[in-house]
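In what follows, chains are A, B, ... by sequence order, proteins preceding strands, each numbered from 1. Predicted, not measured: the structure shown is a model, and the values here were computed from it.
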Number of protein chains: 2
Amino acid sequence: MTSVDAAIVHPYEGACTGSRADHAPAIRGVLDRIGDKWSLLVIGTLRESTLRFSELQRHIPGISQRMLTLTLRQLERDGLVTRTVYAEVPPRVEYALTDRGRTLVDVAVELAKWSVEHFPAIERSRADYDRTHAA
Amino acid sequence: MTSVDAAIVHPYEGACTGSRADHAPAIRGVLDRIGDKWSLLVIGTLRESTLRFSELQRHIPGISQRMLTLTLRQLERDGLVTRTVYAEVPPRVEYALTDRGRTLVDVAVELAKWSVEHFPAIERSRADYDRTHAA
DNA sequence: CCGAATCCAATCGGATACTG
DNA sequence: CAGTATCCGATTGGATTCGG
């Protein structure tokens, strides 16, 4: 078992072995960010091209102005996207992935792949469960 | 660009091409589940062995009885975990991954790997950002 | 055009007490 | 042992309004 495997299988026993860091905080720290409602969609949307605020909002229907702002600020704070302001009128602000952000895209694509492949079956399981466990 | 890539880059434009399904609901549906506070840790903890309720709770310090129950019910409903009750006294209930659940472990490990690798730098970025943007 | 500020409803999740 | 039930504070996120 690798160290990374251990982090998710026994994320809290690090102190016992004495030789390995406790990786749970890292996993929680990342999940708390990209596990939210919009971060991964923003990351994915910026995958191929730099976009400005209004373009991002058009590419991600359903996201409110507030949540797009908050999400972009978090991603910028984590060093995953850059925010570039051009001193023009009307103002123009462009968002792009950093190198670190691009490495996250690969993980996001893996998760998207799994989701698309398994979600239909999951929905059937849910329907079965609900029918079986109906009051 | 593959279909899966498209789902995360332009998750809502499926209707325009006419040939591809709209994958955003699948990604959202999966993220809404495994993006919560405990699901991924439960999945990872069940990776190598079947465990009973109290064993799971010991392996995931910090999880409340209530949240472990709720999380396991959701995972069972999604067909990711099986719940087996043995008619004994005292009662014994064992939880195990399904085949589908095991495929999710691979994705979870990828995410854990990325987290462990990048979280230290993320924390430094956060500190920098907070110092730079201090009132 | 970009975004900050405020308000508010809904959901999440911990603590506690109780049950077969 | 393995839950269920209730209460309640904290967090999330949408709608709206205002500002540079």
Side-chain angles (χ1 to χ4, degrees), chain A residues 12 24 27-42 45-46 50-78 81-96 129 133-135, chain B residues 24 27-42 45-46 49-78 81-96 129-130 132-135:
Chain A
Y12 293 89
I27 301 173
R28 297 310 313 277
V30 171
L31 260 188
D32 287 349
R33 174 69 59 248
I34 67 99
D36 71 2
K37 197 167 181 180
W38 302 109
S39 291
L40 214 54
L41 287 175
V42 171
T45 304
L46 287 173
T50 294
L51 291 174
R52 45 198 297 188
F53 190 88
S54 53
E55 291 171 331
L56 271 170
Q57 196 166 17
R58 270 196 302 278
H59 277 79
I60 311 175
I63 193 168
S64 65
Q65 197 173 44
R66 169 190 152 87
M67 289 315 298
L68 181 54
T69 299
L70 289 178
T71 302
L72 286 168
R73 285 296 171 283
Q74 305 272 26
L75 296 176
E76 185 192 3
R77 180 171 180 259
D78 288 355
V81 306
T82 58
R83 176 177 182 270
T84 309
V85 182
Y86 296 90
E88 307 172 351
V89 281
R92 179 165 58 102
V93 181
E94 290 192 339
Y95 293 92
Y129 184 94
H133 295 72
Chain B
I27 301 174
R28 298 308 313 278
V30 170
L31 261 188
D32 287 348
R33 173 71 58 247
I34 67 101
D36 71 1
K37 196 167 180 178
W38 301 110
S39 292
L40 215 52
L41 288 174
V42 171
T45 305
L46 287 174
S49 60
T50 292
L51 291 173
R52 45 199 296 188
F53 189 88
S54 54
E55 291 172 330
L56 270 170
Q57 196 166 17
R58 270 195 303 277
H59 278 78
I60 311 175
I63 194 170
S64 65
Q65 198 173 38
R66 168 189 151 87
M67 288 316 297
L68 181 54
T69 299
L70 290 178
T71 302
L72 286 168
R73 286 295 173 282
Q74 306 272 24
L75 295 176
E76 186 193 1
R77 180 170 179 261
D78 288 355
V81 161
T82 59
R83 177 176 181 270
T84 310
V85 182
Y86 295 91
E88 306 172 352
V89 281
R92 181 165 56 101
V93 181
E94 290 192 339
Y95 293 91
Y129 185 94
D130 293 346
T132 308
H133 296 72

Are A:Ser54 and C:dC2 close enough that a side-chain N or O sits under 4.0 Å from OP1 or OP2?
-> yes
What integer distance in Å separates B:Leu72:CG from D:dA2:C1'?
-> 11 Å
Nearest of D:dT17, C:dG14, D:dC1 to any side-chain atom of A:Gln65?
-> D:dT17
Compare every heavy atom of A:Ile60 with every heavy atom of A:Val42, then report the nearest pair and how far apart it is.
-> CG2-CD1, 3.7 Å
End-to-end bend of the helix from C:dC1-D:dG20 to C:dG20-D:dC1 (five-pair axes, 10° rounding)?
-> 40°
Looking at CE of B:Met67 and CG of B:Asp36, how far apart are the two atoms once the value is rounded to the nearest 0.5 Å?
-> 6.5 Å
Does a nitrogen or oxygen in the side chain of B:Tyr95 sit under 4.0 Å from OP1 or OP2 of D:dG3?
-> yes
Is A:Leu56 close to A:Leu72 at the side-chain level, that is, under 4.5 Å between some pair of heavy atoms?
-> yes
Apply side chain to side chain contact (heavy atoms under 4.5 Å, CB included) to A:Arg77 and B:Asp130, showing your working.
-> CA-CA 8 Å; A:Arg77 180 171 180 259; B:Asp130 293 346; 2.7 Å; yes
Check the distance between C:dT11's P and B:Gln74's CD and give it to me in whole angstrom.
-> 13 Å
Nearest-angstrom distance from the residue atom CD1 of B:Ile60 to P of C:dG14 | 12 Å
Rounded to whole Å, the CG-C1' distance (A:Leu41 to D:dG13) equals 15 Å
Locate the shortest heavy-atom distance separating B:Gln57 from B:Ser64; write the atom from each residue and the value.
-> NE2-C, 3.8 Å
Is there a side-chain contact between A:Leu41 and A:His59, using heavy atoms and a 4.5 Å cut-off?
-> no
Could you state the atom-to-atom distance from CG of A:Asp36 to C1' of D:dG14 in whole Å?
-> 15 Å
Find the distance B:Leu70:CG to C:dT11:P and express it as a whole number of Å.
-> 15 Å
Stretch residues 81-91 of chain B: residues that reach within less than 4.0 Å of DNA chain D through a heavy atom = B:Arg83, B:Pro90, B:Pro91
A:Tyr95 vs A:Glu55, side chain to side chain contact (heavy atoms under 4.5 Å, CB included): CA-CA, chis, key distance, verdict = CA-CA 10 Å; A:Tyr95 293 92; A:Glu55 291 171 331; over 6 Å; no
Can you check whether B:Ser64 has a side-chain N or O nearer than 4.0 Å to OP1 or OP2 of C:dG13?
-> no
Take the protein atom CG of B:Leu68 and the nucleotide atom P of C:dG14, then report the distance between them rounded to whole Å.
-> 11 Å
Find the distance between CG (A:Leu75) and CZ (A:Arg33) and round it off to the nearest 0.5 Å.
-> 7.5 Å
Nearest non-hydrogen partners of B:Arg52 and B:Pro91, listed with the distance | NH2-O, 3.6 Å
Would you kindly compare A:Phe53 and B:Arg66 by the position of their nearest DNA chain C nucleotide and give the one closer to the 5′ end?
-> A:Phe53
Here the distance between atom P of C:dA5 and atom CE of A:Met67, to the nearest Å, is 16 Å
Closest to the side chain of B:Lys37, out of D:dG14, C:dG13, D:dT4, is C:dG13
Locate the shortest heavy-atom distance separating B:Phe53 from B:Leu68; write the atom from each residue and the value.
-> O-CD2, 3.6 Å
Would one find a side-chain N or O of A:Arg92 under 4.0 angstrom from OP1 or OP2 of C:dC2?
-> no
